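The chain is numbered in sequence order, starting from 1. These numbers were taken from a predicted model, which means no experiment stands behind them.
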Amino acid sequence: MDKKNLAFGKTNFILLAVGIAIVIIGLILMSSSGSTAEAFNDDIFSTRCIKVAPAVTFAGFVSIIFAIVYKSKK
């Protein structure tokens with residue numbers, strides 16, 4: 001297969017991998033120990049789970065979209 005016929009270039013794949021890594025980091029930040037029937041864990045309402053993790057995940061999705069639409073200068 002000819003490299004000129006590929007839809008994505010090397011830069012697109014690198015940007016896509018970085019975006020996926022950012023999304024995974026955001027999802028890890030969003031996870032918490034959770035609550036059980038016996039005890040309520042207040043950690044699910046922390047700033048990390050409510051504000052930081054969704055923002056990081058959203059930034060990851062935006063970077064994935066940017067990686068898909070990015071066109072190299074060549």
Side-chain angles (χ1 to χ4, degrees):
M1 180 186 280
D2 190 20
K3 283 190 173 185
K4 292 182 181 182
N5 291 334
L6 292 176
F8 290 154
K10 182 179 178 181
T11 307
N12 294 90
F13 284 117
I14 292 171
L15 291 173
L16 193 63
V18 168
I20 290 171
I22 293 171
V23 169
I24 290 171
I25 289 170
L27 292 175
I28 290 171
L29 287 173
M30 207 176 298
S31 66
S32 65
S33 59
S35 298
T36 63
E38 293 83 25
F40 177 74
N41 187 359
D42 204 26
D43 188 40
I44 60 172
F45 298 113
S46 68
T47 303
R48 180 192 62 152
C49 292
I50 298 294
K51 295 180 181 177
V52 176
V56 171
T57 307
F58 181 72
F61 284 121
V62 169
S63 64
I64 289 173
I65 292 169
F66 176 75
I68 291 171
V69 300
Y70 180 75
K71 182 82 169 167
S72 65
K73 304 286 186 217
K74 292 181 182 180

A.B. asks: With Phe13, which residues qualify under side chain to side chain contact (heavy atoms under 4.5 Å, CB included), at least two apart?
C.D. replies: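 Partners of Phe13 under the side chain to side chain contact (heavy atoms under 4.5 Å, CB included) test: Phe8.
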A.B. asks: Do you know which two heavy atoms are closest between Ile68 and Asn12, and how far apart they sit?
C.D. replies: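 Nearest heavy atoms, Ile68 then Asn12: O-ND2, 4.3 Å.
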A.B. asks: Do Phe61 and Ile28 land in one hydrophobic cluster if side-chain heavy atoms of ILVMFWY residues count as linked below 4.5 Å?
C.D. replies: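 Yes, Phe61 connects to Ile28 through the hydrophobic network.
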A.B. asks: Which atom pair, heavy atoms only, marks the closest approach of Ser31 to Cys49?
C.D. replies: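 Where Ser31 meets Cys49 most closely, the heavy atoms are O-SG, 4.2 Å.
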A.B. asks: First locate atom CG of Leu16, then atom CZ of Phe66, and finally report the distance between them rounded to the nearest 0.5 Å.
C.D. replies: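 Leu16 CG to Phe66 CZ: 12.0 Å, rounded to 0.5 Å.
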A.B. asks: Are Val62 and Tyr70 grouped together when hydrophobic residues (ILVMFWY) are joined by side-chain heavy atoms under 4.5 angstrom apart?
C.D. replies: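 No, separate clusters.
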A.B. asks: Not counting sequence neighbours, which residues clear side chain to side chain contact (heavy atoms under 4.5 Å, CB included) with Leu29? List them please.
C.D. replies: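 Leu29 satisfies side chain to side chain contact (heavy atoms under 4.5 Å, CB included) with Ile25, Arg48, Val52, Ala53, Val56 only.
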A.B. asks: Starting at CD1 of Ile22, measure out to CZ of Phe58 and round the result to the nearest 0.5 Å.
C.D. replies: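 Answer for the CD1-CZ pair, Ile22 versus Phe58, is 12.5 Å.
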A.B. asks: Tell me whether Leu27 is reachable from Ile65 by hopping between hydrophobic residues (I, L, V, M, F, W, Y) whose side-chain heavy atoms are closer than 4.5 Å.
C.D. replies: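 Hydrophobic grouping puts Ile65 apart from Leu27.
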A.B. asks: What distance do Leu15 atom CG and Lys10 atom NZ have between them, rounded to the nearest 0.5 Å?
C.D. replies: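 If we round to the nearest 0.5 Å, Leu15:CG and Lys10:NZ are 12.0 Å apart.
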